[in-house]
J.: 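Got a structure here, written out as C-alpha coordinates. Questions coming.
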Amino acid sequence: MVEETVEFRSVRGFHDILPEEIAYWQRLESFSRRILEAHGFKELRLPVLEMASLFKRGIGEETDIVSKEMYLFSDPKGRELCLRPEATSQIVRAYIQNRMDLKEPISKLYLIGPMFRHERPQKGRYRQFHQIDVELIGDRGPISDAEILILLWRILQGLGMGDLVLTINSLGCEVCRPHFKSHLKEFLRDKREGLCPDCQRRSEKNPLRVFDCKEAQCKASLEGAPRIDESWCGDCTDHLRAILDLLSEAGIPYILDSRLMRGLDYYTRTAFEVKTKALGAQDAVAGGGRYDRLISTLGGPDRPSIGFAIGMERAIELLKLNEALRPEGPKVFIASLGFRARLFAFKLMMELRARELKTEMAYGESSLKSQMRQATRYRAEYVLIIGDEELEAGTVTLKEMNSGEQTQVKISDLIRRLIGPKTP
RNA sequence: GUGGAUGUAGCUCAAUUGGCGGAGCACUGGGUUGUGGCCCCAGAGGUCGAGGGUUCAAGUCCCUUCAUCCACCCCA
(Lines give C-alpha, C1' and ligand atoms only; values in the text may rest on other atoms or scores of the structure.)
Protein backbone atom coordinates (compact mmCIF):
# COMPACT_ATOMS: atom_id res chain seq x y z
CA MET A 1 0.00 0.00 0.00
CA VAL A 2 1.25 3.43 -0.91
CA GLU A 3 1.80 5.89 1.90
CA GLU A 4 -0.40 8.84 1.35
CA THR A 5 0.55 12.20 2.73
CA VAL A 6 -2.52 13.70 4.26
CA GLU A 7 -2.83 17.13 5.69
CA PHE A 8 -4.41 16.59 9.05
CA ARG A 9 -6.73 19.26 10.33
CA SER A 10 -9.05 19.56 13.24
CA VAL A 11 -12.67 18.73 12.48
CA ARG A 12 -14.86 21.58 11.26
CA GLY A 13 -16.25 23.59 14.12
CA PHE A 14 -13.78 22.05 16.60
CA HIS A 15 -11.00 24.32 17.76
CA ASP A 16 -7.59 24.20 19.36
CA ILE A 17 -7.17 26.51 22.31
CA LEU A 18 -3.54 27.64 22.27
CA PRO A 19 -1.26 29.00 25.01
CA GLU A 20 -1.72 32.60 23.80
CA GLU A 21 -5.36 32.33 24.77
CA ILE A 22 -5.22 30.12 27.77
CA ALA A 23 -4.77 32.88 30.34
CA TYR A 24 -8.30 34.05 29.53
CA TRP A 25 -9.70 30.56 30.03
CA GLN A 26 -7.90 30.12 33.31
CA ARG A 27 -9.08 33.46 34.58
CA LEU A 28 -12.69 32.86 33.55
CA GLU A 29 -12.68 29.46 35.21
CA SER A 30 -10.89 30.35 38.40
CA PHE A 31 -12.89 33.53 39.00
CA SER A 32 -16.17 31.74 38.31
CA ARG A 33 -15.23 28.88 40.61
CA ARG A 34 -14.39 31.29 43.40
CA ILE A 35 -17.71 33.12 43.14
CA LEU A 36 -19.67 29.88 42.76
CA GLU A 37 -18.04 28.28 45.78
CA ALA A 38 -18.68 31.43 47.82
CA HIS A 39 -22.36 31.07 46.94
CA GLY A 40 -22.40 27.44 48.02
CA PHE A 41 -22.31 25.71 44.65
CA LYS A 42 -20.32 22.48 44.22
CA GLU A 43 -18.61 21.26 41.10
CA LEU A 44 -19.36 17.99 39.40
CA ARG A 45 -17.88 16.46 36.26
CA LEU A 46 -19.88 14.28 33.96
CA PRO A 47 -19.20 12.25 30.81
CA VAL A 48 -19.49 13.87 27.40
CA LEU A 49 -21.30 10.77 26.13
CA GLU A 50 -24.90 10.09 27.10
CA MET A 51 -27.89 8.11 25.93
CA ALA A 52 -29.54 10.11 23.16
CA SER A 53 -32.97 9.44 24.62
CA LEU A 54 -32.10 11.55 27.66
CA PHE A 55 -32.07 14.73 25.60
CA LYS A 56 -35.00 13.73 23.44
CA ARG A 57 -37.07 13.44 26.57
CA GLY A 58 -35.48 16.36 28.40
CA ILE A 59 -35.09 19.08 25.78
CA GLY A 60 -37.94 17.94 23.56
CA GLU A 61 -38.13 16.12 20.24
CA GLU A 62 -39.39 19.19 18.39
CA THR A 63 -36.52 21.48 19.35
CA ASP A 64 -33.80 22.33 16.86
CA ILE A 65 -31.17 20.96 19.19
CA VAL A 66 -32.67 17.48 19.24
CA SER A 67 -34.19 17.35 15.78
CA LYS A 68 -31.13 18.42 13.81
CA GLU A 69 -28.10 19.33 15.91
CA MET A 70 -27.17 16.26 17.93
CA TYR A 71 -24.05 14.21 17.31
CA LEU A 72 -25.54 10.73 17.28
CA PHE A 73 -23.68 7.43 17.42
CA SER A 74 -24.43 3.79 17.76
CA ASP A 75 -22.21 1.89 20.13
CA PRO A 76 -21.13 -1.69 19.25
CA LYS A 77 -24.27 -3.05 20.87
CA GLY A 78 -26.48 -0.77 18.84
CA ARG A 79 -27.46 1.61 21.62
CA GLU A 80 -28.06 5.15 20.49
CA LEU A 81 -25.59 7.52 22.13
CA CYS A 82 -24.83 11.20 21.66
CA LEU A 83 -22.34 13.85 22.58
CA ARG A 84 -24.10 16.03 25.12
CA PRO A 85 -25.63 19.12 23.51
CA GLU A 86 -26.35 20.84 26.80
CA ALA A 87 -25.75 20.30 30.48
CA THR A 88 -29.02 20.69 32.34
CA SER A 89 -30.61 17.42 31.24
CA GLN A 90 -27.40 15.62 32.03
CA ILE A 91 -27.01 17.12 35.47
CA VAL A 92 -30.59 16.16 36.20
CA ARG A 93 -29.84 12.60 35.05
CA ALA A 94 -26.88 12.44 37.41
CA TYR A 95 -28.96 13.99 40.19
CA ILE A 96 -31.61 11.31 39.83
CA GLN A 97 -29.22 8.41 39.28
CA ASN A 98 -27.09 9.26 42.30
CA ARG A 99 -30.12 9.89 44.51
CA MET A 100 -28.91 13.33 45.43
CA ASP A 101 -32.46 14.19 46.46
CA LEU A 102 -32.07 11.86 49.44
CA LYS A 103 -28.72 13.30 50.48
CA GLU A 104 -29.79 16.92 50.77
CA PRO A 105 -32.97 18.92 50.33
CA ILE A 106 -31.37 21.42 47.97
CA SER A 107 -28.53 20.67 45.56
CA LYS A 108 -26.43 23.51 44.21
CA LEU A 109 -24.27 22.24 41.40
CA TYR A 110 -22.06 23.51 38.63
CA LEU A 111 -20.32 21.91 35.69
CA ILE A 112 -17.65 23.30 33.39
CA GLY A 113 -17.02 21.56 30.12
CA PRO A 114 -17.58 21.06 26.40
CA MET A 115 -20.96 20.74 24.70
CA PHE A 116 -21.58 19.60 21.12
CA ARG A 117 -24.05 20.79 18.54
CA HIS A 118 -23.90 20.22 14.80
CA GLU A 119 -24.60 23.77 13.62
CA ARG A 120 -23.07 25.85 10.86
CA PRO A 121 -19.94 27.33 12.48
CA GLN A 122 -19.67 31.06 12.82
CA LYS A 123 -17.80 33.41 15.09
CA GLY A 124 -19.09 32.70 18.59
CA ARG A 125 -20.78 29.51 17.45
CA TYR A 126 -18.82 26.29 17.37
CA ARG A 127 -19.67 22.63 17.15
CA GLN A 128 -17.69 22.01 20.29
CA PHE A 129 -18.15 24.89 22.68
CA HIS A 130 -17.80 25.27 26.41
CA GLN A 131 -20.22 26.21 29.11
CA ILE A 132 -20.20 27.01 32.77
CA ASP A 133 -23.48 25.47 33.80
CA VAL A 134 -25.08 26.23 37.16
CA GLU A 135 -28.13 24.57 38.67
CA LEU A 136 -30.06 25.16 41.87
CA ILE A 137 -32.20 22.07 42.34
CA GLY A 138 -35.07 21.60 44.74
CA ASP A 139 -36.69 24.96 45.45
CA ARG A 140 -39.79 26.49 43.96
CA GLY A 141 -39.66 30.00 45.40
CA PRO A 142 -38.60 33.27 43.80
CA ILE A 143 -35.64 33.60 46.14
CA SER A 144 -33.93 30.84 44.16
CA ASP A 145 -34.53 32.71 40.94
CA ALA A 146 -33.09 35.86 42.48
CA GLU A 147 -30.10 33.97 43.88
CA ILE A 148 -29.33 32.49 40.48
CA LEU A 149 -29.71 35.78 38.64
CA ILE A 150 -27.65 37.77 41.11
CA LEU A 151 -24.96 35.09 41.04
CA LEU A 152 -24.85 35.16 37.24
CA TRP A 153 -24.63 38.93 37.22
CA ARG A 154 -21.84 38.93 39.78
CA ILE A 155 -19.76 36.54 37.73
CA LEU A 156 -20.19 38.46 34.50
CA GLN A 157 -19.73 41.89 36.06
CA GLY A 158 -16.83 40.79 38.23
CA LEU A 159 -14.92 39.66 35.18
CA GLY A 160 -15.53 42.95 33.39
CA MET A 161 -17.27 42.23 30.13
CA GLY A 162 -18.54 45.63 29.15
CA ASP A 163 -22.19 46.49 28.68
CA LEU A 164 -24.53 43.57 29.16
CA VAL A 165 -28.29 43.48 29.08
CA LEU A 166 -30.30 41.07 31.21
CA THR A 167 -33.68 40.25 29.69
CA ILE A 168 -36.31 38.37 31.66
CA ASN A 169 -39.68 36.87 30.90
CA SER A 170 -42.02 34.35 32.41
CA LEU A 171 -43.22 31.54 30.20
CA GLY A 172 -46.02 30.62 32.57
CA CYS A 173 -46.57 27.36 34.38
CA GLU A 174 -48.43 24.12 33.67
CA VAL A 175 -51.62 25.89 34.71
CA CYS A 176 -51.56 29.03 32.58
CA ARG A 177 -49.30 28.22 29.67
CA PRO A 178 -51.61 25.68 27.97
CA HIS A 179 -54.36 28.31 27.85
CA PHE A 180 -52.05 30.82 26.31
CA LYS A 181 -50.73 28.32 23.82
CA SER A 182 -54.17 27.42 22.52
CA HIS A 183 -55.22 31.07 22.29
CA LEU A 184 -52.11 31.85 20.36
CA LYS A 185 -52.54 28.91 18.00
CA GLU A 186 -56.04 30.07 17.26
CA PHE A 187 -54.84 33.58 16.59
CA LEU A 188 -52.03 32.39 14.32
CA ARG A 189 -54.33 30.20 12.31
CA ASP A 190 -56.08 33.32 11.00
CA LYS A 191 -52.77 35.05 10.28
CA ARG A 192 -51.20 32.08 8.62
CA GLU A 193 -50.91 33.72 5.21
CA GLY A 194 -48.90 36.61 6.59
CA LEU A 195 -46.24 34.47 8.26
CA CYS A 196 -42.87 33.42 6.92
CA PRO A 197 -42.52 29.71 6.04
CA ASP A 198 -40.63 28.97 9.24
CA CYS A 199 -43.33 30.53 11.33
CA GLN A 200 -46.10 28.73 9.48
CA ARG A 201 -44.44 25.54 10.58
CA ARG A 202 -43.84 26.83 14.10
CA SER A 203 -47.37 28.09 14.55
CA GLU A 204 -48.65 24.55 15.04
CA LYS A 205 -45.79 22.74 16.75
CA ASN A 206 -44.21 25.44 18.84
CA PRO A 207 -46.28 28.62 18.57
CA LEU A 208 -44.42 30.52 21.30
CA ARG A 209 -41.38 30.67 19.06
CA VAL A 210 -43.14 32.90 16.55
CA PHE A 211 -42.54 35.74 18.98
CA ASP A 212 -38.82 35.30 18.43
CA CYS A 213 -39.00 35.78 14.66
CA LYS A 214 -37.26 38.82 13.24
CA GLU A 215 -39.11 38.82 9.91
CA ALA A 216 -40.96 42.10 9.45
CA GLN A 217 -44.03 40.30 8.11
CA CYS A 218 -44.24 38.11 11.19
CA LYS A 219 -43.80 41.02 13.54
CA ALA A 220 -46.60 42.79 11.73
CA SER A 221 -48.82 39.72 11.86
CA LEU A 222 -48.37 39.53 15.58
CA GLU A 223 -50.07 42.90 15.95
CA GLY A 224 -52.88 42.30 18.42
CA ALA A 225 -51.73 38.80 19.28
CA PRO A 226 -52.46 37.44 22.74
CA ARG A 227 -49.70 38.45 25.12
CA ILE A 228 -48.10 35.99 27.44
CA ASP A 229 -47.89 38.58 30.17
CA GLU A 230 -51.67 38.91 30.08
CA SER A 231 -52.16 35.19 30.46
CA TRP A 232 -50.07 34.57 33.56
CA CYS A 233 -51.95 33.06 36.43
CA GLY A 234 -51.81 34.75 39.81
CA ASP A 235 -49.03 32.55 41.08
CA CYS A 236 -46.85 33.20 38.04
CA THR A 237 -47.42 36.94 38.31
CA ASP A 238 -46.55 36.97 42.02
CA HIS A 239 -43.49 34.83 41.42
CA LEU A 240 -42.12 37.14 38.75
CA ARG A 241 -42.95 40.26 40.73
CA ALA A 242 -41.03 38.93 43.73
CA ILE A 243 -37.97 38.21 41.58
CA LEU A 244 -37.99 41.63 39.98
CA ASP A 245 -38.23 43.32 43.36
CA LEU A 246 -35.26 41.37 44.64
CA LEU A 247 -33.27 42.25 41.55
CA SER A 248 -34.05 45.91 41.90
CA GLU A 249 -32.98 45.85 45.53
CA ALA A 250 -29.75 44.19 44.49
CA GLY A 251 -29.20 46.99 41.99
CA ILE A 252 -29.31 44.73 38.97
CA PRO A 253 -30.74 46.30 35.83
CA TYR A 254 -33.07 44.20 33.70
CA ILE A 255 -35.50 44.41 30.84
CA LEU A 256 -38.83 42.66 31.05
CA ASP A 257 -39.61 41.36 27.58
CA SER A 258 -42.67 39.23 26.96
CA ARG A 259 -41.29 38.14 23.58
CA LEU A 260 -38.31 36.34 25.08
CA MET A 261 -38.73 32.61 24.46
CA ARG A 262 -36.29 29.76 24.77
CA GLY A 263 -35.35 26.93 22.48
CA LEU A 264 -35.57 24.17 25.04
CA ASP A 265 -38.98 22.82 25.93
CA TYR A 266 -38.35 22.20 29.60
CA TYR A 267 -38.48 25.79 30.76
CA THR A 268 -41.31 26.96 32.96
CA ARG A 269 -41.93 30.40 34.38
CA THR A 270 -38.67 32.34 34.57
CA ALA A 271 -36.61 32.52 31.38
CA PHE A 272 -33.73 34.92 30.89
CA GLU A 273 -30.86 35.84 28.65
CA VAL A 274 -27.80 38.05 28.96
CA LYS A 275 -26.86 39.73 25.70
CA THR A 276 -24.10 41.97 24.42
CA LYS A 277 -23.90 44.31 21.46
CA ALA A 278 -20.22 43.57 20.92
CA LEU A 279 -20.37 40.12 19.31
CA GLY A 280 -22.59 40.43 16.25
CA ALA A 281 -25.31 37.87 15.68
CA GLN A 282 -24.14 35.43 18.35
CA ASP A 283 -24.97 37.85 21.10
CA ALA A 284 -26.21 35.67 23.95
CA VAL A 285 -23.46 35.32 26.54
CA ALA A 286 -25.58 33.46 29.03
CA GLY A 287 -29.08 32.12 29.28
CA GLY A 288 -31.25 29.98 31.45
CA GLY A 289 -34.47 29.60 33.30
CA ARG A 290 -36.66 27.62 35.60
CA TYR A 291 -37.50 23.98 34.91
CA ASP A 292 -39.99 22.87 37.51
CA ARG A 293 -41.15 19.75 35.65
CA LEU A 294 -37.93 18.43 34.13
CA ILE A 295 -36.78 16.21 36.97
CA SER A 296 -40.07 14.40 37.26
CA THR A 297 -40.31 14.19 33.46
CA LEU A 298 -37.01 12.33 33.50
CA GLY A 299 -38.28 9.89 36.12
CA GLY A 300 -37.08 11.62 39.26
CA PRO A 301 -38.85 13.15 42.23
CA ASP A 302 -40.77 16.40 42.03
CA ARG A 303 -38.01 18.98 42.39
CA PRO A 304 -38.55 22.42 40.92
CA SER A 305 -35.28 23.97 39.84
CA ILE A 306 -33.57 26.83 38.06
CA GLY A 307 -30.23 27.28 36.35
CA PHE A 308 -28.16 29.03 33.72
CA ALA A 309 -25.27 28.47 31.35
CA ILE A 310 -22.50 30.87 30.41
CA GLY A 311 -21.02 30.48 26.94
CA MET A 312 -17.30 30.47 27.62
CA GLU A 313 -16.07 31.28 24.10
CA ARG A 314 -18.37 34.29 23.97
CA ALA A 315 -17.42 35.39 27.47
CA ILE A 316 -13.77 35.22 26.51
CA GLU A 317 -14.34 37.31 23.39
CA LEU A 318 -15.75 39.96 25.68
CA LEU A 319 -12.85 39.66 28.11
CA LYS A 320 -10.46 40.23 25.25
CA LEU A 321 -12.36 43.33 24.15
CA ASN A 322 -12.73 44.79 27.59
CA GLU A 323 -9.67 44.10 29.59
CA ALA A 324 -5.99 43.65 29.17
CA LEU A 325 -4.62 40.66 30.97
CA ARG A 326 -3.05 41.24 34.31
CA PRO A 327 0.72 41.13 34.24
CA GLU A 328 2.34 37.89 35.27
CA GLY A 329 4.54 37.71 38.35
CA PRO A 330 8.24 38.55 38.26
CA LYS A 331 10.38 36.56 35.87
CA VAL A 332 14.08 35.82 35.92
CA PHE A 333 16.41 35.01 33.06
CA ILE A 334 19.85 33.53 33.62
CA ALA A 335 22.56 34.34 31.11
CA SER A 336 25.71 32.29 31.29
CA LEU A 337 29.10 32.26 29.59
CA GLY A 338 31.01 29.04 29.17
CA PHE A 339 30.25 25.42 29.91
CA ARG A 340 30.91 25.46 33.65
CA ALA A 341 28.79 28.56 34.08
CA ARG A 342 25.99 26.94 32.14
CA LEU A 343 25.89 23.93 34.41
CA PHE A 344 25.86 26.22 37.39
CA ALA A 345 23.12 28.33 35.82
CA PHE A 346 21.02 25.24 35.23
CA LYS A 347 21.23 24.19 38.87
CA LEU A 348 20.42 27.71 40.00
CA MET A 349 17.46 27.89 37.62
CA MET A 350 16.02 24.66 38.97
CA GLU A 351 16.51 25.94 42.51
CA LEU A 352 14.60 29.17 41.74
CA ARG A 353 11.85 27.24 39.99
CA ALA A 354 11.51 25.00 43.03
CA ARG A 355 10.62 28.21 44.85
CA GLU A 356 8.04 28.94 42.16
CA LEU A 357 9.96 31.81 40.68
CA LYS A 358 9.50 31.77 36.90
CA THR A 359 12.99 31.30 35.55
CA GLU A 360 14.40 30.60 32.12
CA MET A 361 17.84 30.37 30.54
CA ALA A 362 19.11 29.93 27.00
CA TYR A 363 18.95 26.36 25.73
CA GLY A 364 21.81 26.50 23.26
CA GLU A 365 25.16 28.22 23.57
CA SER A 366 24.98 31.82 22.45
CA SER A 367 26.57 35.18 22.95
CA LEU A 368 25.74 37.35 25.91
CA LYS A 369 24.20 39.83 23.55
CA SER A 370 21.91 37.22 22.16
CA GLN A 371 21.01 36.03 25.64
CA MET A 372 20.17 39.57 26.69
CA ARG A 373 17.89 39.86 23.70
CA GLN A 374 16.19 36.65 24.70
CA ALA A 375 15.75 38.02 28.21
CA THR A 376 14.09 41.13 26.81
CA ARG A 377 11.74 39.15 24.65
CA TYR A 378 10.89 36.94 27.61
CA ARG A 379 10.14 40.15 29.51
CA ALA A 380 12.40 39.24 32.38
CA GLU A 381 12.37 41.60 35.30
CA TYR A 382 15.78 40.38 36.43
CA VAL A 383 18.70 38.89 34.57
CA LEU A 384 21.38 36.93 36.37
CA ILE A 385 24.71 36.93 34.60
CA ILE A 386 27.15 34.16 35.37
CA GLY A 387 30.64 33.85 33.87
CA ASP A 388 34.07 32.87 35.08
CA GLU A 389 34.43 35.99 37.21
CA GLU A 390 31.25 35.25 39.12
CA LEU A 391 32.14 31.57 39.53
CA GLU A 392 35.49 32.57 41.05
CA ALA A 393 33.91 35.07 43.43
CA GLY A 394 30.90 32.95 44.37
CA THR A 395 28.54 35.67 43.21
CA VAL A 396 26.17 36.42 40.36
CA THR A 397 25.60 39.71 38.59
CA LEU A 398 22.02 40.78 39.17
CA LYS A 399 20.69 43.16 36.56
CA GLU A 400 17.41 44.96 37.06
CA MET A 401 16.10 45.28 33.54
CA ASN A 402 13.93 48.38 33.85
CA SER A 403 16.62 50.57 35.38
CA GLY A 404 19.58 48.75 33.92
CA GLU A 405 21.24 48.75 37.33
CA GLN A 406 23.68 45.96 38.08
CA THR A 407 24.97 44.65 41.38
CA GLN A 408 27.09 41.74 42.51
CA VAL A 409 25.13 39.46 44.80
CA LYS A 410 26.42 36.56 46.85
CA ILE A 411 24.78 33.29 45.93
CA SER A 412 23.66 32.90 49.52
CA ASP A 413 21.84 36.25 49.40
CA LEU A 414 20.28 35.75 46.00
CA ILE A 415 17.06 33.99 46.96
CA ARG A 416 16.31 36.57 49.61
CA ARG A 417 17.00 39.31 47.15
CA LEU A 418 14.69 37.89 44.49
CA ILE A 419 11.86 36.49 46.53
CA GLY A 420 11.93 38.77 49.55
CA PRO A 421 12.37 38.11 53.24
CA LYS A 422 8.86 36.91 54.05
CA THR A 423 9.18 33.67 52.09
CA PRO A 424 10.46 30.88 54.34
C1' G B 1 -29.77 23.58 6.32
C1' U B 2 -29.96 28.64 2.92
C1' G B 3 -27.46 33.01 0.82
C1' G B 4 -22.88 35.87 0.29
C1' A B 5 -17.49 37.13 0.94
C1' U B 6 -12.48 35.52 1.60
C1' G B 7 -8.12 31.89 1.44
C1' U B 8 -0.46 34.24 -0.86
C1' A B 9 5.64 33.63 4.73
C1' G B 10 4.30 32.56 11.91
C1' C B 11 0.96 37.51 11.71
C1' U B 12 -1.15 41.80 8.64
C1' C B 13 -1.25 42.36 3.56
C1' A B 14 0.88 43.57 -1.83
C1' A B 15 1.85 41.31 -6.85
C1' U B 16 -0.20 45.83 -13.62
C1' U B 17 -3.60 43.07 -19.83
C1' G B 18 -2.09 35.72 -17.46
C1' G B 19 4.83 36.66 -18.05
C1' C B 20 11.07 35.38 -12.73
C1' G B 21 6.13 35.46 -5.78
C1' G B 22 7.19 40.77 -2.45
C1' A B 23 6.84 44.33 1.97
C1' G B 24 6.08 45.47 7.18
C1' C B 25 6.00 43.08 11.89
C1' A B 26 7.86 38.61 14.19
C1' C B 27 12.11 35.01 13.97
C1' U B 28 17.86 33.72 13.62
C1' G B 29 22.79 35.69 13.34
C1' G B 30 26.01 39.90 13.17
C1' G B 31 27.49 45.39 13.96
C1' U B 32 35.44 42.92 17.37
C1' U B 33 36.91 41.72 24.79
C1' G B 34 30.91 40.10 29.10
C1' U B 35 25.26 43.45 28.35
C1' G B 36 18.85 43.91 26.14
C1' G B 37 15.11 47.60 24.23
C1' C B 38 16.36 52.14 19.41
C1' C B 39 19.20 51.89 14.88
C1' C B 40 22.03 49.38 10.80
C1' C B 41 23.46 44.81 7.97
C1' A B 42 22.61 39.83 6.69
C1' G B 43 19.90 35.23 6.85
C1' A B 44 16.05 31.87 7.16
C1' G B 45 11.15 31.16 6.17
C1' G B 46 6.09 29.66 0.47
C1' U B 47 3.37 22.47 -2.36
C1' C B 48 0.28 30.82 -3.56
C1' G B 49 -5.81 26.27 1.15
C1' A B 50 -6.34 21.31 -1.74
C1' G B 51 -7.51 18.70 -6.50
C1' G B 52 -8.47 19.04 -11.60
C1' G B 53 -8.95 21.99 -16.30
C1' U B 54 -7.74 26.02 -20.17
C1' U B 55 -2.88 28.06 -21.94
C1' C B 56 3.66 28.33 -24.72
C1' A B 57 2.93 30.25 -19.69
C1' A B 58 -1.86 30.40 -14.00
C1' G B 59 -1.24 33.39 -7.36
C1' U B 60 -4.16 35.68 -11.50
C1' C B 61 -9.12 32.50 -15.93
C1' C B 62 -12.78 27.96 -15.34
C1' C B 63 -14.68 23.67 -12.42
C1' U B 64 -14.65 20.82 -7.90
C1' U B 65 -13.49 20.55 -2.85
C1' C B 66 -11.97 22.06 2.10
C1' A B 67 -11.67 25.89 5.65
C1' U B 68 -12.66 30.66 7.72
C1' C B 69 -15.77 34.96 8.07
C1' C B 70 -20.73 37.54 7.57
C1' A B 71 -26.04 37.22 7.39
C1' C B 72 -30.30 33.91 7.84
C1' C B 73 -31.44 30.11 11.20
C1' C B 74 -30.33 28.70 16.14
C1' C B 75 -28.39 29.36 20.76
C1' A B 76 -24.37 29.74 24.89
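Keep in mind that this is a model prediction, so the values were computed, not measured. Protein chains get the first letters and strands the later ones, always in sequence-line order, with residue 1 at the start of each.
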J.: At under 4.0 Å between heavy atoms, how does the protein contact nucleotides 35-43 of chain B? Give one character per nucleotide, 5' to 3', with B, S or -.
T.: BBB------

J.: Name the nucleic acid region contacted by A:Asp133, choosing base, sugar-phosphate or nothing; use a 4.0 angstrom heavy-atom cut-off, strictly under.
T.: nothing

J.: With C1' as the reference atom in both, quote the distance from B:A58 to B:U16 in angstrom, rounded to an integer.
T.: 16 Å

J.: Using only heavy-atom distances, determine whether the side chains of A:Glu135 and A:Thr88 contain a donor-acceptor pair under 3.5 Å.
T.: yes

J.: Heavy atoms, side chains only, cut-off 4.5 Å: are A:Pro47 and A:Gln90 in contact?
T.: yes

J.: Counting only side-chain N and O atoms of A:Arg262, is one of them less than 4.0 Å from OP1 or OP2 of B:C75?
T.: no

J.: Students often get this wrong, so: under 4.0 angstrom with heavy atoms, is A:Phe333 touching a base, only sugar-phosphate, or nothing?
T.: nothing

J.: With side chain to side chain contact (heavy atoms under 4.5 Å, CB included) as the test, pick out the partner of A:Leu152 among A:Ile150, A:Ile148, A:Ile155, A:Leu156.
T.: A:Leu156

J.: Are A:Thr270 and A:Asp145 linked by a side-chain donor-acceptor pair shorter than 3.5 Å?
T.: yes

J.: With a 4.0 Å cut-off on heavy atoms, is A:Glu389 in touch with a base, just the backbone sugar-phosphate, or nothing at all?
T.: base

J.: Say we look at B:G49 and B:C56: how far apart would their C1' atoms be, to the nearest angstrom?
T.: 28 Å

J.: Check whether any side-chain N or O of A:Asn169 sits under 3.5 Å from a backbone N or O of A:Leu260 as a donor-acceptor pair, and report yes or no.
T.: yes

J.: With no hydrogens and no angle check, is any side-chain donor or acceptor of A:Asp292 less than 3.5 Å from a backbone partner on A:Pro304?
T.: no

J.: Main chain of A:Gly387, side chain of A:Glu390: is a donor-acceptor contact present, judged purely on distance under 3.5 Å?
T.: yes

J.: What is the nucleic acid contact for A:Glu86, judged by heavy atoms within less than 4.0 Å: base, sugar-phosphate only, or nothing?
T.: nothing

J.: Could you tell me how far B:U54 sits from B:G46 if I compare only their C1' atoms? Round to whole Å.
T.: 25 Å

J.: Which part of the nucleic acid does A:Ala375 contact within heavy-atom distance under 4.0 Å: base, sugar-phosphate only, or nothing?
T.: nothing

J.: What's the CD-P distance between A:Gln122 and B:G1, to the nearest Å?
T.: 14 Å

J.: Using only modelled atom types and a 3.5 angstrom limit, is any donor from either the side chain of A:Arg12 or the base of B:U68 paired with an acceptor on the other?
T.: no

J.: State the pairing partner of B:A57; accept Watson-Crick or G-U wobble contacts with both distances under 3.5 Å, and report none otherwise.
T.: none

J.: Classify A:Gly13 by what it touches in the nucleic acid, base, sugar-phosphate, or nothing, heavy-atom distance under 4.0 Å.
T.: sugar-phosphate

